[in-house]
Amino acid sequence: MNHYTRNDCEQLDQQDPLAAMRDAFAIPEGMIYLDGNSLGVRPKAAKERALQVIEQEWGTDLIKSWNTAGWFELPYKLGDKVAQIIGADAGEVVVTDSTGINLYKVLAAALTLTERKVIVMNGSNFPTDNYMAQGLLQQLGSDYEIRFAEHDNIMQAIDEDVAVVCLTHVHYKTGEVFDMAAVTAKAEQCGAISIWDLCHSAGAMDVQLNACNADFAVGCTYKYLNGGPGSPGFIFAAKRHHGKALQPLTGWWGHAAPFAFERDYRPAENIGQMLSGTQPILSLAVTEVGLDIFLQVDIKQIREKSQKLTQLFIDLMEQRCGQYGFTLVSPRDASIRGSQVSFNHEHGYPVMQAMISRDVVGDFRAPKNVRFGFTPLYISYVDVWDAVDRIVDIMETNLWQQPEFNQRGAVT
Ligand SMILES: *Cc1c(COP(=O)(O)O)cnc(C)c1O
């Protein structure tokens with residue numbers, strides 16, 4: 001374990017090739033924001049872009065903007081930008097709808113490609129994925145089955161009965177990474193289809209969907225990609241499935257000729273079939289601002305810095321907060337750790353509330369998980385030092401025991 005000083009952290013910042021990127025983001029003064037894995041901060045340019053849509057495109061040009069401002073093309077245009085971040089090709093990704101809805105669509109589409117009825121999922125995953133699968137299976141009938149597995153038995157769970165392996169690349173609580181290449185290869189060997197949820201890896205890790213020969217993927221843009229609250233998610237479908245794997249929410253935007261207004265549905269033969277209907281243009285326009293920042297940097301540099309930031313945080317927490325009851329939940333091995341660090345703490349909820357009151361913003365996941373996300377584009381090494389410094393003070397002074405930190409809000 002390295003023993004760091006604040007001065008060491010300053011030096012790491014001086015050598016950081018991504019240091020200048022922080023300037024692209026509006027970070028509240030004094031705040032150390034370790035929750036970019038839940039809601040990314042606002043790119044400064046998002047405000048101007050939103051005003052442009054409100055005043056010019058919507059305010060003045062109105063309906064013409066579907067053509068003149070390229071509104072109709074936004075799901076595709078943004079999809080091509082996301083593709084560059086997740087190792088996909090142009091024409092394989094659209095930005096649309098929410099992650100949950102997109103998961104429903106791709107899972108349904110994947111199941112049309114096979115006679116098999118077993119879906120492998122991760123029982124401890126962020127629950128919406130499992131809920132959506134359960135809702136779909138309810139519609140499809142009782143002979144379908146979800147086979148739940150965890151990181152340590154995932155390979156054994158994949159066999160020749162499996163229709164689809166549907167996993168989240170990085171676990172939302174622990175930050176543990178599934179080996180996408182190995183799991184996808186095993187699925188392929190067994191004749192199963194792979195679906196990856198990239199909510200906690202798009203923008204944080206070097207994802208290589210096509211190099212792994214993945215079949216489908218979904219993810220959100222409001223976490224590491226900084227698209228803004230509730231910004232639309234994305235869908236990846238490998239080109240070999242276009243025109244073949246059809247999703248069932250067959251709205252007019254997924255039609256082969258939306259403006260022919262034909263009576264019957266005819267699927268688009270390209271990634272457009274994954275669309276269902278009219279998209280939130282304001283949100284899409286702002287999402288593009290976040291994506292454009294990523295296109296200026298090398299995702300490998302992001303991953304490298306992310307691993308260093310999380311390691312620094314673990315080392316400092318263990319050196320300086322070891323006696324205060326934090327137990328590391330995230331993997332120690334940086335190669336299988338996403339861009340977040342979680343600890344269990346018996347009093348996780350009030351401890352996190354006290355941290356937030358001191359402008360160290362992470363979040364709490366029941367029953368006792370305190371979670372810290374590290375976004376390499378705007379978190380510095382000195383931020384990590386200062387965050388731990390404040391946490392030491394909170395624990396030393398028992399600040400977290402004050403009654404106000406025990407009152408629960410609706411969103412933790
Ligand atoms: C954040 C997250 C979601 C979000 O789903 P929404 O449909 O946008 O609410 C889904 N799955 C995982 C794994 C997530 O981390």
Side-chain angles (χ1 to χ4, degrees), residues 34-41 75 78 82 86 93-108 119-136 146 148-151 154 164-178 180 183 194-205 207 209 214 216-236 247 249 274-277 279-280 283-284 286-287 290 329-330 337-342 362-366 369 371-375 410-412:
L34 304 180
D35 220 353
N37 52 324
S38 201
L39 174 64
V41 304
L78 271 59
V82 170
I86 59 176
V93 181
V94 274
V95 174
T96 185
D97 298 335
S98 70
T99 302
I101 291 173
N102 290 337
L103 188 89
Y104 178 93
K105 290 191 284 189
V106 294
L107 182 55
I119 299 151
V120 170
M121 298 190 82
N122 176 213
S124 65
N125 190 10
F126 185 76
T128 208
D129 296 33
N130 299 341
Y131 298 164
M132 281 294 186
Q134 286 165 344
L136 173 63
I146 300 180
F148 287 118
E150 296 298 323
H151 281 73
I154 192 66
V164 176
V165 178
C166 179
L167 297 173
T168 296
H169 187 200
V170 175
H171 196 276
Y172 80 108
K173 252 191 208 173
T174 66
E176 185 166 359
V177 182
F178 275 115
M180 183 183 285
V183 172
S194 57
I195 299 177
W196 289 99
D197 181 331
L198 305 178
C199 277
H200 290 281
S201 43
M205 293 190 50
V207 178
L209 288 173
F216 300 95
V218 298
C220 66
T221 62
Y222 53 76
K223 292 172 179 159
Y224 291 100
L225 296 175
N226 309 306
S231 61
F234 59 83
I235 294 188
F236 158 84
Q247 62 87 9
L249 303 182
M274 292 294 162
L275 300 175
S276 291
Q279 293 303 303
S283 193
L284 277 174
V286 169
T287 300
V329 172
S330 300
R337 186 171 67 227
S339 208
Q340 65 178 70
V341 175
S342 296
D363 57 26
F364 171 77
R365 289 289 173 265
N369 198 282
R371 195 175 69 147
F372 306 88
F374 294 85
T375 42
V411 176
T412 61

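Order of listing sets the numbers, starting from 1, for every ligand and every atom in it. As the structure is a computational prediction, the values presented were derived from the model and not from experiment.
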> Quick check for you: to the nearest 0.5 Å, what is the distance between His169 atom NE2 and Phe178 atom CZ?
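These two atoms lie 10.0 Å from each other.
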
> Side chains of His171 and Ser124: donor-acceptor distance under 3.5 Å anywhere?
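Side-chain D/A pair, His171 to Ser124: present.
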
> Any side-chain donor paired with an acceptor under 3.5 Å for Ser231 and Thr221?
yes

> Go through the structure and list residues passing salt bridge (Lys or Arg N to Asp or Glu O under 4.0 Å) with Arg337, not counting sequence neighbours.
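So Arg337 forms no salt bridge (Lys or Arg N to Asp or Glu O under 4.0 Å) with any residue.
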
> In order of chain and number, which residues sit within 4.0 Å of ligand 1 by heavy atom?
Ser98, Thr99, Gly100, Asn125, Phe126, Thr128, Asp129, Thr168, Asp197, Cys199, His200, Tyr222, Lys223

> Taking the cut-offs as 6.0 angstrom to the six-membered ring centre and 45 degrees off its axis, would you call Lys223 and Phe126 a cation-pi pair?
yes

> Do the side chains of Ser194 and Phe216 get nearer than 4.5 Å, heavy atoms only?
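No, their side chains stay 4.5 Å or more apart.
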
